Amino acid sequence: MPKYQASEIEKKWQEDWEKNQVYQTNGQNHSKPKFYVLDMFPYPSGSGLHVGHPKGYIATDIVSRMKRQKGFNVLHPMGFDAFGLPAENFALKNKVHPRTSTEKNIETYIRQLKLIGLDYDWDRMISTIDPDYYKWTQWIFIKFFEKGLAYESFEPINWCPVDKTGLANEDLENGKCERCGSLVEKKLMRQWVLRITDYADRLLEDIEKLTDWEPSIKEMQRNWIGRSEGAEVNFQVKGFNQIIKIFTTRIDTIFGCTYVVLAPENKLIEELKSQISNWVEVNKYIEAVKNKSDLERTDLNKDKTGIILEGIKAINPFNNQEVDIYIADYVLNSYGTGAVMAVPAHDERDFEFATKYKIEIKKSIEAENQNNLPMTLDGILVDSGEFSGLKSTEARNEMIKWLEDRELGSRKINYKIKDWVFSRQRYWGEPIPIIHCESCGPVAVPEKDLPVRLPEVDQYEPSGTGESPLANMTDWVNTKCPKCGGTGKRETNTMPQWAGSSWYYLRFIDPKNDQQLVNKELEKFWSPVDLYVGGAEHATRHLIYARFWHKFLFDIGVVNHDEPFIRLHHVGIIMGEDERKMSKRWGNVINPDDVIKEFGADSLRLYEMFMGPFEQSVSWNTKGLVGIKRFLDKVFDEVNKVAQGNLEFDEKDLKKALNILHKTIQKVEKDIEEFKFNTAVSQMMIFVNSVMTLKLGDEARIIWKDFLKILAPFAPHLSEELWHLLGEKDFIVLSSWPKVNEEYLMDDTLNIVIQVNGKLREEIEVDKDLTEKEIIELAKKQENVTKFLDQKQIIKEIYVKGKLISFVVKD
RNA sequence: GCUGGGAUGGCGGAAUUGGUAGACGCGCGGGACUUAAAAUCCCGUAUCAGCAAUGAUGUGAGGGUUCGAUUCCCUCUCUCAGCACCA
């Protein structure tokens with residue numbers, strides 16, 4: 001008998017599949033239903049793939065193969081997100097041009113991915129660094145610019161001193177740079193910003209439409225967008241024209257307001273400067289705050305600090321009471337109006353501050369059994385003038401109406417999400433297609449001049465001055481204004497890593513189109529992406545950005561749907577054998593190439609699916625692979641026996657085999673749909689363990705062929721080999737998925753469990769045609785049941801059809 | 001602090017309209033084959049008592065609903081992830 005030689009088999013079929021182009025998507029065939037399944041494309045780092053990376057790719061591969069077998073026109077493409085910091089830093093470190101190193105890395109990735117036997121249509125591969133690709137990234141930017149959604153801003157932004165670039169809010173983790181972990185500084189600089197806040201409401205509301213997304217990811221997005229409903233209230237500065245606008249979600253507590261706080265960066269302070277009698281001290285405080293890092297400022301454990309503005313008072317519009325004005329760094333300038341009304345009795349932060357600075361604490365809400373201050377729950381208003389006695393919820397509506405009638409404020413919704421800081425002071429990114437003209441201001445590069453190619457430079461290290469390395473390229477920078485023909489300078493900032501990935505899924509539909517971003521008819525057929533799989537770390541980054549761009553493209557008529565991804569699954573991380581994240585630093589990285597060499601790609605695929613629930617993180621365990629290899633060995637040996645023929649036959653066994661086969665088809669199909677790959681694999685093991693003991697004669701060929709068809713998405717190479725061994729000429733990967741025959745699913749007998757007072761006492765096997773009455777009578781006769789029924793009164797008999805009988809007895 | 005998950009044998013994990021807890025795999029114990037080893041095959045494997053039949057206990061802790069709870073409700077502990085002075 002031959003032995004299962006994975007590497008030979010895999011090489012042979014990979015070459016054969018490629019030669020016959022079995023995985024090429026026919027983009028024009030719209031007669032079959034479509035299925036677009038997509039992996040979050042990787043950025044090709046220098047260290048290549050480790051075994052954790054392909055887990056999600058294997059899952060989508062299995063789904064796409066099953067869908068193909070079920071008659072769908074499948075689109076399953078792969079590409080590379082090749083711009084951005086990691087690629088550039090790798091290149092800097094290794095003293096090569098980023099393009100050279102990136103292209104080399106892409107080659108490595110493709111080689112590794114091909115070894116795994118994934119069914120990508122490589123003809124559609126895209127790379128974000130390809131000028132034919134980033135032409136359209138730039139085109140989208142210009143559309144944003146034309147619609148006023150891309151604008152220049154001069155506000156202070158997050159600046160990473162190590163990576164030497166500005167960052168978006170989404171690029172931070174606990175006040176540190178998500179890439180390199182350095183403390184982020186505030187830096188005042190010119191930057192391009194995308195007005196994502198204009199879409200905040202739609203991004204939030206449409207989460208409801210994403211019924212096939214995991215709830216956890218949706219919740220993260222909701223929190224990130226952070227909508228809060230409240231009111232803006234005008235507090236006039238006594239005796240002056242200036243108005244302090246504050247934002248609050250708890251206007252019902254306003255009669256308890258005893259002071260007002262401005263953020264140290266609030267521009268109003270400069271206007272009030274001349275009225276502030278202790279300006280010297282105040283200015284000192286503001287300077288001190290400026291020198292603090294963001295992390296110091298936002299440290300929750302620290303004491304709250306602030307300073308009173310002497311000489312001025314604010315007036316509470318509801319009761320005309322004069323209250324003190326403070327500045328304090330616990331108020332953020334970047335949220336709401338950068339000013340708050342402080343109600344120490346009903347807000348923890350205000351309470352802490354008021355206690356420290358001995359400010360009056362005035363109660364205006366009462367709730368049952370809540371006597372301790374601060375009391376932050378809703379309740380009944382007290383000492384609140386005409387609003388006393390109202391419930392908080394009612395009061396909020398009434399009081400906003402009151403304000404609006406008098407034009408002293410209005411209903412207001414605020415979001416935590418900030419506009420997207422979109423420029424990077426780095427070399428390796430898409431140039432922002434803008435020309436600055438002395439007379440016209442910033443002007444978009446005309447569409448016919450796209451792409452604006454990233455020039456080749458010798459020095460691409462970041463300058464650290466806030467200028468992009470491109471600024472030194474005078475030949476490139478100096479140009480003509482497309483509008484007036486006068487002298488112009490090119491924008492030298494580049495786009496962030498996230499730009500290219502915010503729309504790439506559209507390009508796969510029509511990757512070679514140089515006339516438009518995507519053909520609208522093709523887009524209509526293929527969009528949206530039916531299944532999208534990738535890491536959970538993208539929940540509030542890539543996935544929000546991509547939804548934002550997609551909605552914009554929808555608004556300008558480029559796409560036909562307003563959400564890009566119908567169904568989303570996140571893949572759980574594979575940890576090292578030491579239960580730490582796989583990393584060079586820990587020396588626990590496992591390379592798929594090595595695993596494939598030793599066990600074969602099919603074993604790797606099956607093992608990664610069998611390890612545990614798909615979404616959960618699990619540790620790698622090489623011993624676990626042994627079990628999978630044994631399983632595939634068994635399949636190989638059994639089918640070889642079947643191929644040799646001369647097997648014994650038993651009619652009863654055939655019935656059993658058909659029963660287990662069809663149960664397996666049904667379960668595997670359902671499990672793949674539900675992303676429960678681990679139980680699909682166990683079911684296939686159950687099938688093999690039981691069928692290998694049966695006498696099936698020549699019928700075995702039929703049984704095993706059907707089984708190979710459902711094994712094929714998991715272990716395509718082995719299945720293909722054995723399929724041909726059983727005499728088939730066409731490819732199994734193009735065969736049709738077996739249909740479940742209900743007739744074979746029926747069992748002849750039922751196992752009925754008998755309980756007495758809820759305790760399991762006996763199990764009986766009965767004919768499936770017996771009536772309820774007959775089964776109960778039979779149950780009562782069982783020795784181990786009579787034992788417990790004896791001398792007792794049966795007060796209840798419960799029968800769960802086909803499953804269980806429960807007697808309830810009393811002495 | 002807020003939000004969302006999770007806790008089941010020695011290990012990874014199964015079990016959903018409340019109905020046989022521990023499927024499948026690893027590991028471990030015993031046996032067969034072998035001069036021997038590996039591989040392979042067979043049997044066993046939650047805990048306690050028992051030769052066994054069987055009985056008792058058992059799904060993070062405590063309570064509740066129910067004939068019956070890993071599953072539903074209440075209280076709590078631990079843990080993972082995301083956000084975090086967002087007014």
Side-chain angles (χ1 to χ4, degrees), chain A residues 3 173-175 214-224 226-228 230 246-251 253 261 263 297-302 304 328-332 334-343 346-350 352-353 376 414-418 536-537 539-540 570 572-573 606-607 610-613 615-628 630-631 633-634 637 676 678-686 688-689 751-763 783-784 787 794-810:
Chain A
K3 277 202 81 96
E173 268 173 9
N174 298 322
E214 285 163 56
S216 59
I217 304 259
K218 290 198 278 187
E219 198 56 30
M220 277 190 223
Q221 292 211 349
R222 282 194 198 99
N223 291 342
W224 187 263
R227 177 190 154 106
S228 33
I246 63 97
F247 174 73
T248 179
T249 55
R250 290 299 307 274
I251 192 169
T253 66
V261 195
R297 258 190 82 167
T298 55
D299 186 358
L300 289 167
N301 297 320
K302 84 166 171 71
K304 297 206 179 338
D329 66 353
Y330 77 93
V331 172
L332 305 173
S334 53
Y335 183 77
T337 57
V340 302
M341 67 170 195
V343 185
H346 305 297
D347 181 280
E348 282 172 29
R349 296 151 302 183
D350 299 342
E352 196 190 313
F353 190 80
T376 57
N414 263 319
Y415 299 93
K416 277 201 270 187
I417 194 169
K418 307 253 186 340
E537 69 273 19
T540 54
H570 87 254
I573 298 169
L606 223 51
Y607 174 60
F610 185 62
M611 289 173 87
E615 282 84 8
Q616 200 170 296
S617 69
V618 231
S619 297
W620 185 263
N621 178 5
T622 303
K623 277 183 182 158
L625 258 164
V626 173
I628 291 293
R630 282 182 194 149
F631 166 67
D633 277 335
K634 247 188 253 179
D637 292 346
K676 292 155 90 176
N678 53 337
T679 49
V681 176
S682 356
Q683 181 61 38
M684 290 192 283
M685 289 172 169
I686 292 169
V688 171
N689 290 343
N751 283 328
I752 304 285
V753 162
I754 307 163
Q755 297 183 348
V756 180
N757 282 351
K759 281 203 193 289
L760 174 71
R761 293 304 175 190
E762 188 59 275
E763 185 184 342
E783 195 190 332
N784 209 38
K787 209 161 91 187
I794 299 178
I795 54 176
K796 213 170 170 187
E797 290 172 355
I798 298 153
Y799 176 64
V800 181
K801 195 162 183 267
K803 270 187 180 163
L804 151 152
I805 294 169
S806 183
F807 296 112
V808 186
V809 299
K810 215 172 79 177

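Letters A, B, ... are given to chains in the order of the sequence lines, protein chains preceding strands, and every chain is numbered from 1. Note that the coordinates shown come from a computational prediction; the quantities given were computed from them, not determined experimentally.
With sequence neighbours left out, A/S619 forms a side chain to side chain contact (heavy atoms under 4.5 Å, CB included) with A/M575, A/E579. Listed by chain and residue number, nothing satisfies the ring pair (Phe, Tyr, Trp, His ring centres under 6.0 Å) test with A/Y335 (two or more places apart in sequence, or in another chain).
Put simply, OH on A/Y330 is 17 Å from C1' on B/A84, counting in whole angstrom units. Distance A/L804 CG to B/G68 C1': 8 Å, rounded to the nearest Å. Going from atom CG of A/D637 over to atom C1' of B/C41 covers 12 Å, rounded to whole Å. In this structure, CG of A/L332 is placed 11 Å from P of B/A84, rounded to the nearest angstrom. Atom-to-atom, CZ of A/R227 to P of B/U3 comes out at 19 Å; the value is rounded to the nearest Å. Here the P atom of nucleotide B/C67 and the CD1 atom of A/I805 are 18 Å apart, to the nearest Å. Remark: C1' of B/C24 and OH of A/Y607 are 14 Å apart, rounded to the nearest angstrom. Distance, A/E762 CD to B/U54 P: 8 Å, rounded to whole Å.
Pairing for B/A14 is absent, judged as Watson-Crick or G-U wobble with the two contacts each under 3.5 Å. Using N1 to N3 plus N6-O4 or O6-N4 for Watson-Crick, or N1-O2 and O6-N3 for G-U wobble, each under 3.5 Å, B/C2 pairs with B/G82. Across all strands shown, B/U47 forms a Watson-Crick or G-U wobble pair, both distances under 3.5 Å, with B/A56. In this structure, B/U70 forms no base pair with any nucleotide, since neither Watson-Crick nor G-U wobble geometry is met with both distances under 3.5 Å. Base-pair partner of B/A21: not found among the strands shown (Watson-Crick or G-U wobble, both distances under 3.5 Å). Base pairing annotation: B/U77 forms a Watson-Crick or G-U wobble pair with B/A7, both donor-acceptor distances under 3.5 Å. Figure legend. B/U40 is base-paired to B/A32; pairs are counted as Watson-Crick or G-U wobble with both atom distances under 3.5 Å.
For A/V808, the listed nucleotide lying nearest its side chain is B/C67; candidates were B/G82, B/C67, B/A87. Checking B/A87, B/G82, B/U57 against the side-chain heavy atoms of A/M220 singles out B/G82 as nearest. Which of B/A87, B/U20, B/C67 sits closest to the side chain of A/E763 comes down to B/U20. Side-chain atoms of A/F610 lie closest to B/C24 of the nucleotides B/G82, B/C24, B/G19. For A/W224, the listed nucleotide lying nearest its side chain is B/A84; candidates were B/C41, B/A84, B/A14. Of the listed nucleotides (B/A87, B/U20, B/U40), B/U40 has the atom at the smallest distance from the side chain of A/R630. Closest contact between the side chain of A/K304 and the listed nucleotides B/C85, B/C24, B/A87 involves B/C85. Distance from the side chain of A/V618 is smallest to B/G12 among B/A14, B/G19, B/G12.
The same atom, P, is picked in B/G12 and in B/C33; the two are 37 Å apart, to the nearest Å. Spacing between B/G55 and B/A21 at atom P, rounded to whole Å, works out to 13 Å. With both ends at atom P, the span from B/U79 to B/C43 equals 43 Å, rounded to whole Å. When the P atom is compared between B/G18 and B/U70, the two are found 13 Å apart, to the nearest whole Å. Taking atom C1' on both B/G63 and B/A84, the two are 34 Å apart, rounded to the nearest angstrom. Between B/A23 and B/C11, the distance separating the two P atoms is 15 Å to the nearest Å. A gap of 22 Å separates the P atoms of B/G27 and B/G22, to the nearest Å. Nucleotides B/C78 and B/G62, compared at atom C1', are 15 Å apart to the nearest Å.
A/S806 comes within 4.0 angstrom of a nucleotide base, judged by non-hydrogen atoms across all strands. Using a 4.0 Å heavy-atom criterion, one finds that A/V331 contacts the bases of the nucleic acid, with or without backbone contacts as well. Among the heavy atoms of the strands, none lies under 4.0 Å from A/D633. A/E219 comes within 4.0 angstrom of the backbone, heavy atoms only, and of no base. Contact annotation for A/N414: no contact, since no heavy-atom pair falls under 4.0 Å across all strands. Backbone-only engagement by A/I686 is indicated by non-hydrogen atom pairs under 4.0 Å involving sugar-phosphate atoms exclusively. No contact: A/D350 has no heavy atom under 4.0 Å from any strand. Nucleic acid contact class of A/V800 (heavy atoms, under 4.0 Å, all strands): base. Using a 4.0 Å heavy-atom cutoff across all strands shown, A/E537 reaches no nucleic acid atom at all. Within 4.0 Å (heavy atoms only), A/P613 reaches sugar-phosphate atoms of the nucleic acid but no base atom.
For B/G13, the OP1/OP2 oxygens have no side-chain nitrogen or oxygen of A/T679 closer than 4.0 Å. Distances shown here put a side-chain N or O of A/N784 below 4.0 Å from the OP1 or OP2 atom of B/G55. Contact annotation: A/K623 does not reach the phosphate of B/C28 (side-chain N/O to OP1 or OP2, under 4.0 Å). Close to B/G25, at under 4.0 Å from its OP1 or OP2, lies a side-chain N or O of A/N689. Taking only side-chain nitrogens and oxygens, A/R761 comes nearer than 4.0 Å to OP1 or OP2 of B/G55.
Taking the six-membered ring for Trp and thresholds of 30 and 60 degrees, A/W620 and A/Y607 have ring planes more than 60 degrees apart, a perpendicular arrangement.
Residue-to-nucleotide contacts include no donor-acceptor pair under 3.5 Å from the side chain of A/K416 to the base of B/C83. Judged by distance alone with a 3.5 Å cut-off, a donor-acceptor contact links the side chain of A/Q755 to the base of B/G19.
Judged by distance alone, the side chain of A/D347 and the main-chain N or O of A/A342 form no donor-acceptor pair under 3.5 Å.
A syn base is found at B/G9: its glycosidic angle is within 90° of 0.
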